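Here the structure is laid out as structure tokens; the discussion comes afterwards.
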Amino acid sequence: MEEVRVRFPPSPTGYLHIGGARTAIYNWLFAQKTAGTLIVRIEDTDAERSTEESVGAILDGLRWLGITWDEGPYFQSAYANDHRQAAQKLLESGHVYKCFCTHEELERKREEARKRKDDYHYDGTCRNRSAEEIGGLEDEGCAYVIRFKVPRGPGGVVFEDAVYGILEKKYRDIEDFVIVRSNGSPLYVLSNAVDDIRDRITHVIRGQDHLANTPKQILIYEALGEKLPRFAHMPLTLDPKKRKISKRAHGEMVAVQYYRQRGFLPWALVNFLVLLGWSTSDDREIFSKDELIDAFSLEGINRANSVFDIRKDDPKFFTDPKAISMNAHYLRTMPLDELLPYVQAELEAAGLWNPSFAGDKKAWFESTVDLIRSRYHTTKDFANLGRPYFADVFPMEEKVLRKNILKHANLKEWLPVMAERLEALAEFTPDSVEQAIRGLATELDVKAGILINGARTAVTGQAAGAGLFDVLAAVGKERVVRRLRQAPSFFEAME
RNA sequence: GGUCCCAUCGUCUAGUGGUCUAGGAUAUCGGCCUCUCACGCCGAAGACACGGGUUCGAGUCCCGUUGGGACUGCCA
């Protein structure tokens with residue numbers, strides 16, 4: 001069987017965005033699945049917009065997502081010669097011709113057609129010029145582009161797309177498209193096809209927005225006498241208003257980088273993204289890497305575009321709720337030692353990291369992370385909500401303070417008493433702490449909940465969290481005692 | 001305007017003529033659990049765009065309408 005070779009060819013005009021990442025993921029999965037080769041090819045022929053910085057950002061994004069490639073990155077600009085040679089070959093074989101029509105002339109014709117509400121196609125003015133005519137124009141120094149001589153007459157280009165099935169484009173609906181600019185540089189339709197031929201690409205998996213290019217490229221393949229690859233066009237990712245997502249319209253919200261900064265786990269993003277336009281017939285949605293590679297197939301790709309439910313200005317979700325839910329799922333279920341490096345990175349960035357967390361406090365650190373992770377949504381939460389566990393200074397939520405502490409005036413005395421009892425404990429474990437606090441509640445004839453919630457707030461500044469006894473054990477005796485003793489000051493501040 | 005593609009709960013989707021009084025996920029709401037909040041579990045609400053055919057039978061096939069999208073560049 002022929003070796004599968006696929007490619008991901010981003011144009012380096014910005015950061016890697018969700019749509020591009022999705023394309024890369026599908027190609028990567030297909031390569032993994034078939035033990036094939038994934039090639040990264042930077043399509044940088046648009047010198048105006050391409051930047052080196054962008055190349056770095058895209059590769060960086062791919063690496064972060066865990067998408068590995070086998071060849072490249074190749075740079076399209078390095079192969080200009082191949083493109084020119086292909087054009088030359090087509091010129092010699094008569095599949096293309098030089099067109100001397102100027103921008104102005106074409107624009108005028110387009111405009112006229114628009115006025116008549118007519119469909120505009122290049123009218124073929126230069127298609128049938130004689131060799132003498134062409135020679136003459138060239139001698140005069142007239143600039144020309146090279147156009148493809150699309151077959152005229154009935155029929156069309158027929159091909160089978162792995163996703164959309166058999167598609168036909170009539171010749172009459174394809175104009176004599178330009179393949180080389182008047183400055184001699186090749187256009188995407190040409191260079192992309194030539195590169196795919198050189199790279200021996202067997203499967204072109206790309207966005208549905210390229211569906212219209214496909215017949216043209218097939219014509220080029222055929223004119224060059226090359227074997228066609230298989231095509232698979234994947235549906236596009238739209239925003240909630242059904243517009244194609246773009247860096248330009250949505251800014252950072254659609255950049256892979258954004259999700260990294262907001263505390264996404266790369267695999268959670270990959271898992272979410274792959275589901276945007278692909279599914280299995282069973283009900284599985286969570287896949288490990290191996291499971292996903294195993295389950296992936298071109299047949300499972302959907303035909304309809306999907307909406308990436310980005311939330312702008314939503315207080316509750318900063319992006320698609322399903323993406324967040326998936327991230328939270330991985331956060332609380334992934335092997336702890338895989339999560340730890342992310343937590344460490346967050347704490348370091350927030351200035352909360354202490355080397356002992358990886359040293360003599362390692363066991364404590366691990367069990368604490370394990371304790372708190374189940375209610376977190378992103379790795380950012382470890383540095384925000386996790387602050388009371390890793391630092392001495394943490395925010396106290398005003399509303400929570402009122403509800404759990406100030407509302408019960410007696411806590412002003414009870415909390416320090418609790419501090420005393422806890423301080424006296426020989427060993428500070430969830431069990432011993434529970435005994436002490438429940439015992440105190442009985443003694444004071446008060447519902448344990450009042451002491452528990454009061455203590456939680458005094459110790460963490462929060463109203464929610466893991467079971468209190470575990471929380472106290474995690475925060476540690478010394479800090480718990482200190483924080484409980486400070487409780488009266490909250491009342492004083494109010495007076 | 002033209003060419004092409006698409007159309008199931010808010011969103012992601014299962015569904016390839018009968019098992020669909022349409023399944024799952026997420027989000028929402030309610031309950032259980034409980035020291036709180038999550039998790040988990042249980043439950044509720046929520047969709048086949050519309051109209052015609054074909055067929056004994058249509059979410060599933062065909063046509064039309066509507067809606068959405070892509071392309072329509074000497075961008076990629």
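None of the values given here were measured: they were computed from a predicted structure. In what follows, chains are A, B, ... by sequence order, proteins preceding strands, each numbered from 1.
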Ignoring backbone atoms, test whether [X] places a side-chain nitrogen or oxygen under 4.0 Å from the OP1 or OP2 oxygen of [N].
X: A:Arg373; N: B:C39; value: no
X: A:Arg181; N: B:A76; value: yes
X: A:Ser279; N: B:A14; value: yes
X: A:Arg438; N: B:C35; value: yes
X: A:Asn302; N: B:C6; value: no
X: A:Thr45; N: B:A76; value: yes
X: A:Arg110; N: B:G73; value: yes
X: A:Lys169; N: B:C71; value: no

Whole angstrom value for the distance that separates [atom2] of [N] from [atom1] of [X]:
X: A:Glu160; N: B:C5; atom1: CD; atom2: P; value: 14 Å
X: A:Phe318; N: B:U26; atom1: CZ; atom2: P; value: 17 Å
X: A:Arg332; N: B:C39; atom1: CZ; atom2: C1'; value: 6 Å
X: A:Asp314; N: B:U26; atom1: CG; atom2: P; value: 18 Å
X: A:Lys216; N: B:C71; atom1: NZ; atom2: P; value: 11 Å
X: A:Tyr330; N: B:C39; atom1: OH; atom2: C1'; value: 17 Å
X: A:Leu236; N: B:G68; atom1: CG; atom2: P; value: 16 Å
X: A:Asp283; N: B:A14; atom1: CG; atom2: C1'; value: 7 Å

Can you identify which nucleotide, out of [options], has its nearest atom closest to the [X] side chain?
X: A:Ser325; options: B:C71, B:U28, B:U26; result: B:U26
X: A:Leu167; options: B:A76, B:C5, B:A70; result: B:C5
X: A:Phe317; options: B:U28, B:C35, B:G10; result: B:U28
X: A:His103; options: B:C74, B:C35, B:A76; result: B:C74
X: A:His210; options: B:A76, B:C5, B:A38; result: B:A76

Mind listing the closest non-hydrogen atom pair of [X] and [Y] along with its distance?
X: A:Met253; Y: A:Phe308; answer: O-CE2, 4.3 Å
X: A:Leu411; Y: A:Asn404; answer: CD1-O, 3.2 Å
X: A:Glu175; Y: A:Val150; answer: O-CG2, 3.3 Å

Polar side-chain contact [X]-[N] base: donor and acceptor under 3.5 Å:
X: A:Arg375; N: B:C37; answer: yes
X: A:Arg303; N: B:C6; answer: no
X: A:Glu285; N: B:G24; answer: yes
X: A:Lys322; N: B:A27; answer: no
X: A:Ser306; N: B:C12; answer: no

So if I apply the side chain to side chain donor-acceptor pair (under 3.5 Å) rule between A:Asp239 and each of A:Lys242, A:Arg243, A:Lys241, which one comes out positive?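 Among A:Lys242, A:Arg243, A:Lys241, the one meeting side chain to side chain donor-acceptor pair (under 3.5 Å) with A:Asp239 is A:Arg243.
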Applying a 4.0 Å non-hydrogen cut-off, can you work out what [X] is touching in the nucleic acid: base, sugar-phosphate, or nothing?
X: A:Arg49; value: base
X: A:Phe272; value: nothing
X: A:Ala464; value: base
X: A:Ala304; value: sugar-phosphate
X: A:Ala323; value: nothing
X: A:Ser182; value: base
X: A:Val178; value: sugar-phosphate
X: A:Leu468; value: base
X: A:Lys244; value: sugar-phosphate
X: A:Gly467; value: base

Using the [atom1] atom in both, what is the distance from [N] to [M], to the nearest Å?
N: B:U8; M: B:C35; atom1: C1'; value: 44 Å
N: B:C61; M: B:C74; atom1: P; value: 39 Å
N: B:A70; M: B:G52; atom1: P; value: 32 Å
N: B:C37; M: B:G31; atom1: P; value: 12 Å
N: B:C9; M: B:C5; atom1: P; value: 22 Å
N: B:C42; M: B:G23; atom1: P; value: 16 Å
N: B:G59; M: B:A47; atom1: P; value: 15 Å
N: B:C20; M: B:U13; atom1: C1'; value: 16 Å

Go ahead and name the base partner of [N]; Watson-Crick or wobble counts if both distances stay under 3.5 Å, otherwise write none.
N: B:C32; value: B:G40
N: B:A7; value: B:U66
N: B:G18; value: B:C56

Using the ring centroid of each side chain, check whether [X] and [Y] are separated by less than 6.0 Å.
X: A:Phe272; Y: A:Trp278; result: no
X: A:Phe318; Y: A:His377; result: no
X: A:Tyr26; Y: A:Phe296; result: yes

RNA chain B: 5'-proximal contact among A:Arg311 and A:His377 (nearest heavy atom):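 On the 5' side of the pair lies A:Arg311.
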By nearest heavy atom, map A:Asp470 and A:Lys316 onto RNA chain B; which one lands nearer the 5' end?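 Closest to the 5' end, via its nearest nucleotide, is A:Lys316.
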Side-chain contact, heavy-atom cut-off 4.5 Å: A:Leu59 with A:Val55?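 Yes, side chains in contact.
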Is any side-chain heavy atom of A:Ser306 less than 4.5 Å from a side-chain heavy atom of A:Pro235?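 A:Ser306 does not reach A:Pro235 side chain to side chain.
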Is the closest basic N to carboxylate O distance between A:Arg402 and A:Glu398 below 4.0 Å?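 The answer is yes: the pair qualifies as a salt bridge.
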